[in-house]
Amino acid sequence: MIPFSVLDLSPVTEGGNAAQSLRNTLDLAQHAEEWGYRRYWLAEHHSMPGIASAATSVVICHVATGTRTIRVGAGGIMLPNHSPLIIAEQFGTLESLFPGRIDLGLGRAPGSDQTTAQALRRNLASDPEQFPQDVMELMGYLAPAVPGQRVLAFPGVGTQVPIWILGSSLFGAQVAAALGLPFAFASHFAPAMMLQAIDIYRARFRASAQLERPHLMLGFNIFAAESDAQARFLSTSMQQAFVNLRSGRPAQLPPPVEGYHEQLPPQAKALLADVLSCSAIGSPETVRSAVKAFIERTRPDELMITAQIFDHSARLRSYEIAADIQKSL
């Protein structure tokens, strides 16, 4: 069976607040653990009113405290926003608190607009093209200390927290392959280069101390409900949120709207057709067929399931259906 994992943006729904979103995140994580999901990842985004996981390591601690066995991690930490030493200390602390349960996924995007990125870093002198060097520096802080090492991460040194490379382009695939690290591709919102990135990662992979052979995780949207019509209705919240984001109007996750897609101009419809090409929307039977076809086409080692659904109970049900499908594949 292909393991399924959860990617949660801790969505802040329209009229809601971050406190309720974070309670929902923990509730979903506890259910995901019960249903057999392998990992529960949270993502770093900034200056976005609809996402409550900006302080990603803090939310990871919140989720790990309230669960027992599921792996909890970052999908991901946007490394250009941070000093590698700070991230080593944060995740070394998490690994010390929850041994054997912490993952550290790393990306090179800011997770924000350029103005917010400048506020995060105070300046933009940090170069995203230095991402591979920053990753290696971070790996050094999490490895056992070597003689003469002057800078040590406490906690962190020797914890060897598993590191993943995240990507939505070919660059991440190249970095993951060169460093011999597992690779998670953001096909759930940027599928255009997915197949090419998969080929590059598998063809160029070099074994490392962390990983002997390529390990690929793909992002995948699942909106599952009792009927195709109900699932399509639920998916309109995510569609609205994405159109708003691409229009420069990030906002809280809106409630679903009947007939939303039909009202859109052709350009927006084309945008969503691209974004949702790695998605399954429908009844359990419809979703199972779509997931099976996607796995046969891409042969991933894991799927990372995400579902931006306005109603928390409907979101839980969607993940429950997905877990049942995973066991039947």
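E44 places no side-chain N or O within 3.5 Å of a backbone atom of A74 that could act as its donor or acceptor partner. Formation of a donor-acceptor pair under 3.5 Å by the S5 side chain with backbone atoms of M304 is not found in this model. For E302 (side chain) and L216 (main-chain N/O), no donor-acceptor pair under 3.5 Å exists by modelled atom type. Between the side chain of Y319 and the main chain of A307, a donor-acceptor pair closer than 3.5 Å is present.
Using a 4.5 Å heavy-atom threshold, the side chains of F189 and T306 count as separate. Looking at heavy atoms from C-beta onward, S57 lies in side-chain contact with L94 at the 4.5 angstrom threshold. Taking 4.5 Å as the limit, every side-chain heavy atom of L303 sits out of range of all side-chain heavy atoms of I222.
Classification of the F4-Y37 ring pair by plane angle, with boundaries at 30° and 60°, yields tilted.
For Q160, the side-chain contact (heavy atoms from CB on, under 4.5 Å) test picks out P144, with sequence neighbours left out.
One distance of note links CD1 of I77 with CD of Q90; it measures 6.5 Å at 0.5 Å rounding. Here Q130 contributes atom CD and Q133 contributes atom CD; the two are 4.5 Å apart, rounded to the nearest 0.5 Å.
In this structure, R317 pairs ionically with E320, as a charged nitrogen and a carboxylate oxygen lie closer than 4.0 Å. At a threshold of 4.0 Å, the pair D8-R315 counts as salt-bridged, since one of the basic side-chain nitrogens sits closer than that to a carboxylate oxygen.
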